[in-house]
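Below is one structure, written out as structure tokens, with a few remarks after it.
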2 protein chains.
Amino acid sequence: MPPVNSREWLLRARPKGRPVDSDVELVETEVPAPRPGQVRVVNRVMSVEPYMRGRMGGEATYAEPYPLDAPMLAPTVGHVTDSADPTIPVGTLVLHDHGWRERSLVPAGEVRILDHDDLSPATHLGLLGIPGMTAWVGLTRIARLQAGDVLFVSSAAGAVGTTVVQIAKRMGATVIGSAGSPEKVSLVRDLGADTAFDYHDGSVRDLLRKALADVGARGLDVYYDNVGGEHLEAAVRVVNDHARIALCGMSSIYNSAAPQPGPNNLLKLIWRRARMEGFLLEDHLDTRAEFTERMATWIRDGAVRPVHTEYAGGVAGAWAAFNGLLGGSSMGKAVVPLVTDDGAPLAGVAGA
Amino acid sequence: MPPVNSREWLLRARPKGRPVDSDVELVETEVPAPRPGQVRVVNRVMSVEPYMRGRMGGEATYAEPYPLDAPMLAPTVGHVTDSADPTIPVGTLVLHDHGWRERSLVPAGEVRILDHDDLSPATHLGLLGIPGMTAWVGLTRIARLQAGDVLFVSSAAGAVGTTVVQIAKRMGATVIGSAGSPEKVSLVRDLGADTAFDYHDGSVRDLLRKALADVGARGLDVYYDNVGGEHLEAAVRVVNDHARIALCGMSSIYNSAAPQPGPNNLLKLIWRRARMEGFLLEDHLDTRAEFTERMATWIRDGAVRPVHTEYAGGVAGAWAAFNGLLGGSSMGKAVVPLVTDDGAPLAGVAGA
């Protein structure tokens with residue numbers, strides 16, 4: 001088997017604040033044939049993840065920083081085109097983390113064979129992927145959501161948020177969402193939220209109070225935090241007794257060069273005996289099988305609906321997609337389908 | 001039985017920021033004989049509690065505000081002198097919440113008969129009282145302290161802090177304490193802390209880092225927070241994976257007229273999957289029997305040592321004691337023994 005041509009993104013510089021174009025470079029490369037224990041994959045769709053911003057920085061966060069001049073890793077779904085591992089036949093749909101690139105050479109131990117391969121590849125990055133499972137774990141294990149709870153989720157039109165809204169409604173909660181544009185607010189309502197607001201329309205504190213009044217609630221039992229900052233302070237202000245705040249992300253500060261002050265009202269956590277807890281998916285992988293089966297059923301039933309923003313341009317479009325994600329232009333899961341410059345799927349194998 | 005004379009403190013105005021003398025008044029009153037279902041108590045020792053500051057303010061916190069012109073309530077231990085309830089004989093040592101006053105008329109349902117009445121009355125307000133049990137609940141139920149954990153406690157020379165230090169050592173933790181004077185730091189070390197620092201000696205962040213180095217630890221598994229503010233931010237900065245922050249009090253902001261910014265590094269709670277949780281004793285009263293027996297045993301064994309600051313002046317001294325507590329002059333549990341102007345115990349009954 002000869003090498004095949006591919007393109008991939010390398011990290012060239014560590015961004016300060018908002019990333020700039022010179023921080024990355026798209027390069028041509030060759031992907032050799034697999035050696036024993038490896039597979040070669042033609043990628044179908046790549047993920048664009050907010051946490052990649054953290055990995056581009058040099059400081060250790062929860063994920064290892066990307067080395068300079070190395071490929072930027074992100075979850076990617078593709079079909080195996082060449083296999084030198086007997087457990088992974090050619091044509092298998094797999095998930096791996098081997099880069100923003102068209103074709104990947106991956107050790108067999110680092111691919112996950114995807115069940116439910118009749119569902120679209122992007123679904124495996126969204127509802128069935130990291131954001132979907134993050135929503136599930138945050139709601140069930142961290143917030144311990146109960147039927148009847150009043151839940152607020154920020155960034156409700158995002159990949160995690162759209163899933164939180166839908167799962168929480170299915171679990172019997174009253175759901176309030178916030179988002180950053182009228183279109184996003186409409187989406188959040190369409191997904192079943194009892195009410196939603198655009199956080200540009202006033203102070204989050206006032207908007208959240210009004211939303212609570214609109215749904216006839218006194219306060220929050222659960223806040224699913226994707227943004228931190230003003231949202232977190234506004235939520236702490238209205239927690240009910242024994243409320244749970246699941247800290248999933250703080251997009252309001254990912255691009256800040258300087259630390260931002262935290263909520264000025266944490267004393268409320270004592271008065272209300274409330275809990276604020278950060279979490280990472282990697283501690284909860286034991287729930288993956290249960291989660292996957294439940295979510296796949298919900299998707300097939302139409303009970304939970306995939307929401308994707310597909311960015312154009314194939315691998316070359318990934319950087320614009322990432323900036324679009326950070327700039328708030330995407331709704332639901334942001335993905336980059338891998339296509340030729342003509343928009344056709346990359347050459348793979350028959351039937352895949 | 002005739003009425004008896006007593007003195008008591010009334011709230012006259014709601015303080016803004018630091019309380020002032022005109023906010024309260026000591027008045028003479030008469031305490032009538034008990035009617036059926038009541039007991040009359042000569043008080044032996046009154047508590048001075050930080051949370052009283054919150055109840056003096058008009059805003060609902062976790063405890064009801066004191067009404068204006070009503071007695072200021074606080075835990076008080078005394079002997080029953082007159083009983084009109086068959087279950088509470090004269091001479092019984094009881095705990096009640098009926099005010100900063102010399103003598104109290106109390107419904108039988110609102111007194112708690114104290115076991116271990118051979119221990120000093122002040123012990124029932126300290127190690128066996130609210131602060132002792134707060135330390136216990138915070139460590140066992142909120143922080144879920146394990147042997148080998150590295151624990152940091154602020155206000156470590158206070159009523160709760162001195163107990164946290166001692167219990168945590170008994171549970172096998174490495175203990176770091178902070179306090180506000182060299183004398184307090186010495187006390188904290190004497191109580192068994194592995195190291196302690198005076199937070200006036202630099203930034204809490206630097207002092208805490210140095211303390212961690214001194215005990216050979218990388219970070220904190222538990223932070224028992226009594227003060228909030230800079231301490232909380234410094235602790236969040238060095239949490240280990242799966243750390244627990246028990247929010248017990250925020251003395252750094254009780255006297256602030258304006259809200260203070262919170263920790264600027266809550267993102268760390270996500271990276272470290274850490275939990276921050278507020279709690280109130282009232283949710284954990286089911287553990288009182290277990291706590292009381294264990295603590296009484298520790299006291300008798302000498303394994304845990306009572307630390308009291310006794311303020312002079314009898315009931316008239318309570319206001320100065322409270323200001324002393326808020327101003328940081330006390331160590332351990334702040335109490336006011338009730339004595340005559342000559343320093344003698346108030347007249348009670350034979351043997352009590």
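Naming convention: chains lettered A, B, ... in sequence-line order (proteins, then strands); numbering from 1 in each chain.
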Quiz prompt | Side chain / backbone / both / neither for B/L232 at chain A, heavy atoms under 4.5 Å | solution = side chain
Pair up each side-chain donor or acceptor in residues 241-250 of chain B with any protein partner under 3.5 Å, not counting sequence neighbours, and list the distances.
unit_1: B/D241; atom_1: OD1; unit_2: B/R272; atom_2: NH1; d: 3.0
unit_1: B/R244; atom_1: NE; unit_2: B/A143; atom_2: O; d: 2.8
unit_1: B/R244; atom_1: NH1; unit_2: B/H242; atom_2: O; d: 3.2
unit_1: B/R244; atom_1: NH2; unit_2: B/A143; atom_2: O; d: 3.3
unit_1: B/R244; atom_1: NH2; unit_2: B/R144; atom_2: O; d: 3.2
unit_1: B/R244; atom_1: NH2; unit_2: B/D149; atom_2: OD2; d: 2.7

Self-check item: Selection from B/I142, B/L269, B/D283 maximising heavy-atom pairs under 4.5 Å formed with chain A
Solution: B/D283
Self-check item: For B/R273, the option from A/H284, A/E282, A/E277 that meets side chain to side chain donor-acceptor pair (under 3.5 Å)
Solution: A/E282
